[in-house]
Protein chains: 2
Amino acid sequence: MSDPSLAHRPTLEAVAARAGVSRATASRVVNGSDGVRAPLAERVRRAVDELGYVPNQAARTLVTRRNDAIAVVVAEPETRFFSDPFFAQQVRGISKELTAHDNQLVLLLTEGAADYERVGRYLAGGHVDGALLFSLHDDDTLPGLARRAGVPTVIGGRPGWSDADTLYVDCDNRGGAREAVRHLLDGGRRRIAHIAGPLDQTASVDRLEGFRDALPGTDPGMIIEGDFTPEGGARAMADLLDRCPDLDAVFAASDVMASGALRVLRTRGVRVPEDVAMVGFDDIVSVAEWTDPPLTTIRQDIEEMGRMMARLLLRRVSPGPGQQESPALSSIVTPTQLVVRASA
Amino acid sequence: MSDPSLAHRPTLEAVAARAGVSRATASRVVNGSDGVRAPLAERVRRAVDELGYVPNQAARTLVTRRNDAIAVVVAEPETRFFSDPFFAQQVRGISKELTAHDNQLVLLLTEGAADYERVGRYLAGGHVDGALLFSLHDDDTLPGLARRAGVPTVIGGRPGWSDADTLYVDCDNRGGAREAVRHLLDGGRRRIAHIAGPLDQTASVDRLEGFRDALPGTDPGMIIEGDFTPEGGARAMADLLDRCPDLDAVFAASDVMASGALRVLRTRGVRVPEDVAMVGFDDIVSVAEWTDPPLTTIRQDIEEMGRMMARLLLRRVSPGPGQQESPALSSIVTPTQLVVRASA
DNA sequence: ACCGGGTCAGAGAGCGCTCTCACGCAGCGC
DNA sequence: GCGCTGCGTGAGAGCGCTCTCTGACCCGGT
């Protein structure tokens, strides 16, 4: 093998021997538990340094039943996970929070149903202490899989069913959408269309609901389902223009779709915001600030939501010191905020 | 705990008992090794099903010293990993290849030097069988870290030093850059500028070399260092226009920077490709096809390169059946290809 | 001087698995 | 019929660690 150092890696036994203590004491020192007198502890620490000892995680896991690892499962069959900065930011937040708690992030990408079985095996295999599930669609089997595997779970985005035992983190999609439309109304717009996300996801449905809240009785023809991609946004915009050439505003359910829609407007020579105003959703800075014109949108703190998911999960996995049982953990819905730029 | 099923999970022992065989035989069946007679094997398999047995990975790792997991370490302190689709595609390729070989992908994001220590600990902890390193900068300490940890490694992109023992996968940056510039020359362009990537990375340096190959003696003022972000590309473009208003072409070292540069050109009313031609690098479809105008660029098969990295690493980790020692594994440099769209 | 209580260290039993080794039982040649 | 080979199975020894349980020791109180 190419890695000799893996072969003769010092064990706790070796450290103990060198420090002249028992394995138990060495273990105590390594794990920072108190009750070891200073001089002894010092000897052990020196031995650890000299030998370059690093605990064998597998052995430790075998007895403690903890992995200090969390799986992030992305149920996005298509390429969206990576093209959409939304996930990126969320994962970043998760990563930071996990790192802060000395947990590892194991990324599981699924592309198609066949992968679900693999993910199920993995979760059941006890590799991880918990799982973060993303981007679920209608009656997704992933949560059931995780539950059967006995793995604590937190979901990104409100799932399609209600269940007190299911934890999730989401933003106030409906309220945010309402605010977006109100802003358009305040700007004097009257013929407002909506480019929705895929309606098998609650985020899309909730945003559509918010749109309807602010604009009851809207002609269904003014609502088109997109797919959260720029191309989808572009297609929807083109359709919309064909159906209803005199529309004066669009609320797109994501910045990414809005960017596609803006491109179509520009191509068709429609001025934004003079002829048509546009509001997006997400406030993905790298998109919203760089569209032409910069995009007015509904901000959600995506990275923070990622952190929250991780925090919630970690607490569910190991109830902190002091509290015995998880102290009634509950799902989190974060507020949104209108960010006005040039497009509306 | 919230997961009772984790608590009383059946062991191999239980399976063996139920099937009326020894633990050894049960293990043989579970691991698919031959030499167990059919009826016995069938009994074991039934027991596995009935009990819902899943092997305990920690116990297995403890004795086999294999994790079936690979770390992907991204040395990108800034937010680039997630905003740049380049990484995304690469990770996708890696993920696919690892999945095909039943390996897990453990993602380690580093943001700053402090994280290096954590990564070092993790690698040394024997959690993974190998590591894929990305986006290294000059004299990055990551490879040393991995080596000391005794973890087989493959690097994405040619590292800044030469070392027969270091495996990497990269594309022909220099050749690709040369081709880009030649295309511009063929189009009759004569005042060609270059927006380089950060010059502490070999990809940037190599592309710059290629640029110089095709255009020896270029005024250094026509070369500006960017940072592989759209903003950096925009800034560089602005500078370039100020310094040299009569330039007639730009070769940007990445599509992402090219997109930023194109925005600036549009803002300044410079027509592309009439006044200024633009060639990018990477062929990130979601960027290159959607710029205005669509971007002529140098294609590298990023996803495939990800696959190659994974394949190389897996082979290094466990030499396949047949060959004893790794059969002289070597680094891979893939060809590039000019993709002509509208911008040049 | 004796004893009870508290503190700190060590002994040792596993955690669940793999894998070597030994053993039993065919089938073969002589 | 005897040993020999060879295949299929079981016994058992660890892998490296944690953690409980026990015991040694020291202290103060009587």
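Model, not experiment: these values are computed from the prediction. Letters A, B, ... are given to chains in the order of the sequence lines, protein chains preceding strands, and every chain is numbered from 1.
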Task: Nearest-Å distance for atom pair CZ/P, residues B:R65 and C:dC17 - done: 18 Å
TODO: Indicate whether OP1 or OP2 belonging to D:dC19 is found under 4.0 Å from a side-chain N or O atom of A:R28.
DONE: no
Open item on the list: For B:E97, is there any backbone N or O sitting under 3.5 Å from a side-chain donor or acceptor partner on B:R307?
Closed with: no
Open item on the list: Against B:L314, only a single residue in B:D129, B:N103, B:V154 fulfils side-chain contact (heavy atoms from CB on, under 4.5 Å); can you say which?
Closed with: B:N103
Open item on the list: Please determine whether a side-chain nitrogen of the Lys or Arg among B:R60 and B:D68 lies less than 4.0 Å from a carboxylate oxygen of the Asp or Glu.
Closed with: no
- [ ] Look only at the side chain of A:N67 and the backbone of A:A69, and say whether a donor-acceptor pair between them is shorter than 3.5 Å.
- [x] no
Open item on the list: In whole Å, I'd like the distance from the CG atom of B:N56 to the C1' atom of D:dC15.
Closed with: 13 Å
Task: Rounded interatomic separation in angstrom, taking CG from A:L62 and C1' from C:dC15 - done: 4 Å
- [ ] Can you tell me the distance, in whole Å, between the CG atom of A:N67 and the P atom of C:dG16?
- [x] 14 Å
- [ ] May I ask you to list the residues of residues 11-27 of chain A, by number, that have any heavy atom positioned under 4.0 Å from an atom of DNA chain C?
- [x] A:V21, A:S22, A:R23, A:A24, A:T25
TODO: Ignoring backbone atoms, establish whether B:N31 has a side-chain N or O less than 4.0 Å from OP1 or OP2 of C:dT18.
DONE: yes
Open item on the list: I'd like to know whether A:D115 forms a salt bridge (Lys or Arg N to Asp or Glu O under 4.0 Å) with A:R118, so could you lay out the CA-CA distance, the side-chain angles of the two residues, the decisive distance to 0.1 Å, and finally the verdict.
Closed with: CA-CA 5 Å; A:D115 284 356; A:R118 178 176 58 86; 3.6 Å; yes
Task: Between D:dC17 (C1') and A:D68 (CG): distance, integer Å - done: 14 Å
Open item on the list: Is the phosphate of D:dG8 approached by B:R37 (side-chain N or O, under 4.0 Å from OP1 or OP2)?
Closed with: no
- [ ] Decide, yes or no, whether a salt bridge links A:R18 with A:D49 under the criterion of side-chain N to carboxylate O below 4.0 Å.
- [x] no
